[in-house]
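Predicted model, so just to flag it, every value in this text is computed and none were measured. In what follows, chains carry the letters A, B, and so on, assigned in the order in which the sequence lines appear, proteins first and then strands, with residues in each chain numbered from 1.
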Number of protein chains: 2
Amino acid sequence: MQKTPVFLVEEEETQVHTTDSCLAAMKAVQDSLYVLNGKWKLPIIISLTFGNKRFTEIARDIPRITDRMLSKELQELELNMLVERIQDEASPSITRYKLTAYGKTLDPAIQELYKWGINHREKIKEE
Amino acid sequence: MQKTPVFLVEEEETQVHTTDSCLAAMKAVQDSLYVLNGKWKLPIIISLTFGNKRFTEIARDIPRITDRMLSKELQELELNMLVERIQDEASPSITRYKLTAYGKTLDPAIQELYKWGINHREKIKEE
DNA sequence: CGCTGTACTATCATGAATGATAGTGCAATG
DNA sequence: CATTGCACTATCATTCATGATAGTACAGCG
């Protein structure tokens, strides 16, 4: 069995060939976070998992968000095809936002972050 | 079969009682992100999932990170009990960092972010 | 017609996060 | 014993994300 040429010392096992897959993992995760970056993207997405919403409805869902931020983040989410702007057919002056199918693929990740957050809050309380 | 009281359907239904669980979800997710915030926390954690490492080893794993940032982030991760600083018993001048058991509980979330990141990169390539 | 609500955009200010650079004390190494 | 590597810390500069505030165009409503 040939080992790939790593820096080693002591228990070689500790360090064997970390870097490739490690780097790949870091990159992938950073790709995700890049799309979700900023303070408000996930709150917005979460708000929209509860139904299609109008601008002000989202704003009301998310404490302390400003119009400027909501507008900006929605645009970025649209660019990344996570969120879609839709016009009401009946009254076209009404705009709504909805999660795209692609946006919904974030659900498993959000679920995990949700679970961990809940758990973490518990843990903190115990101290 | 009783349904939990959810929103659904146009008009009033769209907004019925979203806010409570929605807010809870947002908060939990934000709790998670609060702990993982910054550019480097997840890369560090990922690096450490590949084995206990010394300061410079982690630094080498993560392109472009500076000593200052690595040091700072490691401290925060320690404070949050995700990472542990350990002294080698044989040669106590050697410091290593390891993921705590608690730190490992982040794994499912990281896995999902990883999967999504991979998938997203594919999607982008297709365009 | 005036008022309120919606869905924004524009401008400016600020603070926090990060980067760049330098320096420290200690250990091991040749 | 000089040099290199390790594991940091300190200081300063800069950028970027966010916040604060104001303003716009359009619509529906009474």
*Asks:* Between D:dC8 and B:Arg85, is there an OP1 or OP2 to side-chain N/O distance shorter than 4.0 Å?
*Replies:*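 Answer yes for this pair, as a side-chain N or O of B:Arg85 is under 4.0 Å from OP1 or OP2.
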*Asks:* Could you write nucleotides 21-30 of chain D as a row of B, S and -, 5' to 3', where a protein heavy atom under 4.0 Å of any base atom gives B, of only sugar-phosphate atoms gives S, and otherwise -?
*Replies:* -------S--
*Asks:* Taking only residues two or more places apart in sequence or in another chain, which ones pass side-chain contact (heavy atoms from CB on, under 4.5 Å) with B:Lys115?
*Replies:*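 Partners of B:Lys115 by the side-chain contact (heavy atoms from CB on, under 4.5 Å) criterion, ordered by chain and then number, come out as B:Glu112.
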*Asks:* Nearest whole angstrom, please: distance from the P of C:dG19 to the CD1 of B:Ile65.
*Replies:*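 These atoms are roughly 8 Å apart.
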*Asks:* With sequence neighbours excluded, what pairs up with B:Lys39 under the side chain to side chain donor-acceptor pair (under 3.5 Å) test?
*Replies:*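 Here no residue qualifies.
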*Asks:* Using the side chain to side chain donor-acceptor pair (under 3.5 Å) criterion, which residues pair with A:Asn80? Sequence neighbours excluded.
*Replies:*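 With neighbours one apart ignored, the set is empty.
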*Asks:* Of all of residues 28-45 of chain B, which get a heavy atom below 4.0 angstrom from DNA chain D, listed by number?
*Replies:*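 Within this stretch, nothing sits under 4.0 Å of the strand.
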*Asks:* Whole angstroms only, please: what is the CZ-C1' distance between A:Phe55 and C:dA7?
*Replies:*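 Spelled out: CZ on A:Phe55 to C1' on C:dA7 is 6 Å.
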*Asks:* Can you list every ring-ring contact (aromatic ring centres under 6.0 Å, His included) pair that touches residues 51-96 of chain B, not counting sequence neighbours?
*Replies:*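 ring-ring contact (aromatic ring centres under 6.0 Å, His included) check on residues 51-96 of chain B returns no pairs.
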*Asks:* Once side-chain contact (heavy atoms from CB on, under 4.5 Å) is applied, do any residues pair with A:Glu76, and if so which ones, sequence neighbours excluded?
*Replies:*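 Applying side-chain contact (heavy atoms from CB on, under 4.5 Å) to A:Glu76 gives A:Asn37, A:Lys41, A:Lys72, A:Glu73.
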*Asks:* Under 4.0 Å between a side-chain N or O of B:Tyr97 and OP1 or OP2 of D:dC6?
*Replies:*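 Checking B:Tyr97 against D:dC6: no side-chain N or O falls below 4.0 Å of OP1 or OP2.
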*Asks:* Tell me which pairs pass ring-ring contact (aromatic ring centres under 6.0 Å, His included) where either residue lies in residues 59-103 of chain B, with sequence neighbours left out.
*Replies:*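 Every ring-ring contact (aromatic ring centres under 6.0 Å, His included) pair that includes a residue of residues 59-103 of chain B, provided the two are not neighbours, is A:Trp116-B:Tyr102, A:His120-B:Tyr102.
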*Asks:* Could you state the CZ-P distance from A:Arg54 to C:dG5, rounded to the nearest angstrom?
*Replies:*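 Rounded to whole Å, this separation is 13 Å.
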*Asks:* Would B:Arg60 and B:Glu57 count as a salt bridge (charged side-chain N to carboxylate O under 4.0 Å, His left out) if you check the C-alpha gap in whole Å, the side-chain angles of each, and the deciding distance to 0.1 Å?
*Replies:* CA-CA 5 Å; B:Arg60 274 192 289 266; B:Glu57 290 172 337; 5.3 Å; no
*Asks:* Quick one: side chain to side chain donor-acceptor pair (under 3.5 Å) partners of B:Gln87, sequence neighbours excluded?
*Replies:*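 B:Gln87 satisfies side chain to side chain donor-acceptor pair (under 3.5 Å) with B:Thr95 only.
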*Asks:* With salt bridge (charged side-chain N to carboxylate O under 4.0 Å, His left out) as the test, would you mind laying out the steps for B:Lys123 and B:Glu126 before giving the verdict?
*Replies:* CA-CA 5 Å; B:Lys123 164 127 192 188; B:Glu126 294 165 16; over 6 Å; no
*Asks:* If the condition is side chain to side chain donor-acceptor pair (under 3.5 Å), which residues does B:Ser47 pass it with, not counting sequence neighbours?
*Replies:*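 Side chain to side chain donor-acceptor pair (under 3.5 Å) list for B:Ser47, sorted by chain: B:Lys53, B:Asp61.
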*Asks:* With sequence neighbours left out, what residues match B:Lys104 under side-chain contact (heavy atoms from CB on, under 4.5 Å)?
*Replies:*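 Expected list: B:Leu99.
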*Asks:* Give the residues of residues 69-83 of chain B touching DNA chain C, defined as any heavy atom closer than 4.0 Å, sorted by residue number.
*Replies:*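 Only B:Met69 qualify.
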*Asks:* For A:Arg64, report the nucleic acid contact type (base, sugar-phosphate, nothing); a contact means any heavy atom under 4.0 Å.
*Replies:*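 Contact class for A:Arg64: none.
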